[in-house]
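The structure under discussion appears below in the form of structure tokens.
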Amino acid sequence: MDWDLVVVGAGAAGLLAAARAAERGVRTLLVEKNRRPGIKILMSGGTRCNLTQATDRRGIIREFGKQGNFLHSALAALAPQDLIDWFESEGVATKVEATGKVFPVSDKAADVLAALVRRLTRSGCALALDEPLLDAEPVAQDGFRLTTSKRSLSTAKLLVTTGGQSYPGCGTTGDGYRLAAKLGHTIVPLRPALTPVTTDSSWVRELQGVTISDVALAVVESAAAPRPPRNSRLAERRGSFLFTHFGLSGPAVLDVSRVVSGHADPRKLFLECDFLPTLTEPALDEWLRLEAAAAGGKQLAGLMVNQLPRRLSDALLVEAGLSPEQRAAELSRAQRARWVTAIKRANIPVSGTRGFKKAEVTAGGVSLDEIDSSTMQSRLVPKLYLAGEVLDLDGPIGGYNFQAAFSCGWLAAESV
């Protein structure tokens with residue numbers, strides 16, 4: 001065999017896995033189709049790279065929902081604090097922001113990538129850039145014969161860390177899915193996740209640039225006036241929220257987008273938005289009653305200036321059938337109730353998402369049932385390992401997906 005291990009894809013999982021395997025004395029080659037490694041790392045977190053979340057193993061597992069159980073062994077091998085310690089040992093100091101997101105102190109994703117490449121070089125792993133893998137054929141019990149754009153080579157074991165289909169400009173064009181399917185694996189249908197949501201609602205798009213730091217969001221299939229029962233909500237999230245020229249973005253929206261992209265008909269969906277989640281509806285109604293009584297000469301537009309952005313407040317008044325110029329003293333009980341509903345239960349019709357082009361991760365991928373979670377080895381093809389976004393494994397925004405990729409890659413490297 002030319003190599004003990006060939007790792008395909010120099011992203012987060014691949015770089016760490018290749019370096020770790022080589023450190024263990026495994027003759028390792030890392031092949032990458034792009035001219036540079038880690039392009040998606042450089043783009044992540046607004047070029048700051050959100051490495052992980054300030055939580056323990058259980059916190060990561062919980063946020064992945066039903067998929068979380070798959071991560072027990074991977075996180076036992078490399079927990080969030082282990083990952084932080086690894087980067088700090090490579091000179092990348094980290095910090096924890098209020099949301100629990102862990103970033104490099106420098107706010108530079110380039111420092112994260114440089115640490116991975118530095119460790120890779122020091123490990124003795126060979127790195128082949130601008131060399132896409134074209135084919136892989138199992139050779140009896142002896143490993144694989146690989147064909148790249150430049151050569152043919154043999155390897156005892158193969159680790160696929162090619163990423164998903166999100167941000168295809170980074171080179172993540174689904175190569176790993178095609179390879180896994182060719183080798184007999186089931187591919188759970190792919191869909192974009194952590195991607196902005198679009199709407200045809202003109203009042204929403206006219207609020208482009210307005211940001212709200214705390215919104216409670218639910219995906220529902222009905223925009224009826226009575227609030228849908230909680231168990232009928234397809235997804236719920238609370239966090240910051242951004243109006244855009246195409247619709248909606250921000251962490252809360254990104255986190256529910258996988259439900260939108262996975263729905264048979266996204267146009268049947270609505271985003272139910274509570275723009276003041278710290279107040280109950282009765283409390284908001286009473287607050288508005290008292291404010292209107294105390295400032296009867298003030299226009300309605302001025303009542304909410306300390307609670308909501310002015311442009312949003314005006315738009316919600318119009319949606320409630322009220323005029324921003326109406327005097328507070330003229331606000332009737334019925335009008336107040338409509339205003340409360342507009343603030344606490346604004347229903348925004350969904351038209352779709354921005355797709356893979358703007359998605360941070362891919363939902364779907366190689367079925368987890370076909371992977372041994374204790375080693376990352378295929379249950380179908382001996383000596384084939386898979387890690388990272390190529391698997392049917394996607395979590396919320398906040399560093400969870402990077403942690404999963406790093407941990408699965410590390411476990412695979414420990415297992416080969």
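Sequence positions, counted from 1, serve as the residue numbers for this chain. When reading the values below, keep in mind they use all heavy atoms of this one structure, side chains included, and skip hydrogens, waters and symmetry mates.
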Task: Distance-minimising heavy-atom pair for Thr173 and Gln165 - done: C-CG, 4.1 Å

TODO: Check the side chains of Thr362 and Glu389 for a donor-acceptor pair under 3.5 angstrom, ignoring hydrogens and angles.
DONE: yes

TODO: Measure the spacing between CH2 of Trp3 and CG of Leu30 and express it to the nearest 0.5 Å.
DONE: 10.5 Å

Task: Greater than 12 external heavy atoms within 6.0 Å of Lys357's NZ - done: no

Open item on the list: One thing to verify: whether Asp274 and Arg238 come together as a salt bridge, which I'm taking to mean a side-chain N less than 4.0 angstrom from a carboxylate O.
Closed with: no

Open item on the list: Would the distance check show the side chain of Thr161 and the main-chain N or O of Gly9 forming a donor-acceptor pair, the cut-off being under 3.5 Å?
Closed with: yes

TODO: Measure the spacing between CG of Leu317 and CZ of Arg338 and express it to the nearest 0.5 Å.
DONE: 10.5 Å

Task: Shortest non-hydrogen contact from Val416 toward Lys157 - done: C-NZ, 3.2 Å

Open item on the list: How long is the straight-line distance from CG of Leu288 back to CD of Glu286, given to the nearest 0.5 Å?
Closed with: 9.5 Å

Task: Chi angles and distances behind the ring pair (Phe, Tyr, Trp, His ring centres under 6.0 Å) call for Phe241, Phe275 - done: CA-CA 9 Å; Phe241 185 102; Phe275 291 113; 5.7 Å; yes

- [ ] For Ser166 and Lys40, test the side chains for any donor-to-acceptor distance below 3.5 angstrom and give the result as yes or no.
- [x] yes

Task: Heavy-atom pair with the smallest gap, counting every atom of Ile397 and Pro251 - done: CG2-CB, 4.0 Å

Open item on the list: Donor-acceptor check, side chain of Thr199 to backbone of Gly247, threshold 3.5 angstrom: yes or no?
Closed with: no

- [ ] Count the heavy atoms of every other residue, nucleotide or ligand shown that sit under 6.0 Å from CZ of Arg36, and state whether that count exceeds 12.
- [x] no

Open item on the list: As an exercise, state the distance from CG of Asp392 to CG of Leu190, rounded to the nearest 0.5 Å.
Closed with: 9.0 Å

Open item on the list: Strictly distance-based, threshold 3.5 Å: is any side-chain N or O of Ser367 a donor or acceptor partner for the main-chain N or O of Val188?
Closed with: no

Open item on the list: Can you tell me how the ring of Phe406 sits relative to the ring of Phe402, calling it parallel under 30°, perpendicular over 60° and tilted otherwise?
Closed with: parallel

- [ ] Verify, without hydrogens or angle tests, whether Ser240 (side chain) and Gly250 (backbone) share a donor-acceptor contact under 3.5 angstrom.
- [x] no

- [ ] Look at the side chain of Arg145 and the backbone N and O of Val139, then say whether any donor-acceptor pair between them is shorter than 3.5 Å.
- [x] no

Open item on the list: Nearest 0.5 Å, please: how far is CG in Leu133 from OG1 in Thr147?
Closed with: 7.5 Å

Task: Arg122 atom CZ, over 12 foreign heavy atoms within 6.0 Å - done: yes

Task: Where at least one partner belongs to residues 161-181, residue pairs that pass salt bridge (charged side-chain N to carboxylate O under 4.0 Å, His left out), sequence neighbours excluded - done: Lys33-Asp175, Asp175-Arg178

- [ ] Determine yes or no for a side-chain-to-main-chain donor-acceptor pair under 3.5 angstrom, with Ser123 supplying the side chain and Glu23 the backbone.
- [x] no

Open item on the list: Within a 6.0 Å radius of atom NZ on Lys182, are there more than 12 heavy atoms belonging to other residues, nucleotides or ligands?
Closed with: yes

- [ ] For residues Ser313 and Trp339, report the shortest heavy-atom separation together with the two atoms involved.
- [x] OG-CZ2, 4.3 Å

TODO: Using a strict 4.0 Å threshold on nitrogen-to-oxygen distance, state whether Glu90 and Arg119 make a salt bridge.
DONE: yes

Task: Side-chain donor/acceptor of Ser261 to backbone N/O of Pro192, under 3.5 Å - done: yes

Open item on the list: Looking at Ser351 and Thr198, would you say the former's side chain and the latter's main chain have a donor-acceptor pair under 3.5 Å?
Closed with: yes

- [ ] Would you mind checking if Arg345 and Glu281 are paired as a salt bridge, meaning a charged N to carboxylate O distance below 4.0 Å?
- [x] yes

Task: Contacts of Thr99 that satisfy side chain to side chain donor-acceptor pair (under 3.5 Å) - sequence neighbours left out - done: none

TODO: Apply side-chain contact (heavy atoms from CB on, under 4.5 Å) to Ile348 and Trp203, showing your working.
DONE: CA-CA 10 Å; Ile348 298 175; Trp203 74 267; 4.0 Å; yes

Open item on the list: Can a donor-acceptor pair be found, under 3.5 Å and without considering hydrogens, that links the side chain of Asn50 to the backbone of Ser44?
Closed with: no

Open item on the list: Between Ser73 and Ser374, do the side chains contain a donor N or O and an acceptor N or O under 3.5 Å apart?
Closed with: no

Task: Basic-acidic side-chain contact under 4.0 Å: Asp142, Lys383 - done: no

TODO: Could you walk me through whether Leu5 and Tyr385 pass side-chain contact (heavy atoms from CB on, under 4.5 Å), step by step?
DONE: CA-CA 10 Å; Leu5 172 68; Tyr385 296 75; 5.5 Å; no

Open item on the list: Closer than 4.0 angstrom, basic N to acidic O: yes or no for Arg258 and Glu360?
Closed with: no

Task: Donor-acceptor pair, side chain of Glu236 and main chain of Val256, under 3.5 angstrom - done: no

Task: Over all atoms of both residues, closest heavy-atom pair of Leu120 and Ala18 - done: CD1-CB, 3.7 Å

Open item on the list: Please identify which of these residues, Leu51, Leu42, Leu15, meets the side-chain contact (heavy atoms from CB on, under 4.5 Å) condition with Val112.
Closed with: Leu51

Open item on the list: Within this structure, what is the CG-OG distance for the pair Leu194 and Ser249, rounded to the nearest 0.5 Å?
Closed with: 10.0 Å

Open item on the list: If only side-chain N and O atoms count, and only distance matters, is there a donor-acceptor pair under 3.5 Å linking Gln326 with Gln335?
Closed with: yes

TODO: Verify the distance criterion only: is there a donor paired with an acceptor across the side chains of Glu88 and Thr94 at less than 3.5 Å?
DONE: yes

Open item on the list: Can you give me the closest heavy-atom contact between Pro168 and Phe356, atom names plus distance?
Closed with: CD-O, 3.6 Å

Open item on the list: Before you tell me yes or no, could you show the steps for Val366 and Val160 under side-chain contact (heavy atoms from CB on, under 4.5 Å), namely the whole-Å CA-CA distance, both residues' side-chain angles and the distance that decides it to 0.1 Å?
Closed with: CA-CA 11 Å; Val366 177; Val160 178; over 6 Å; no

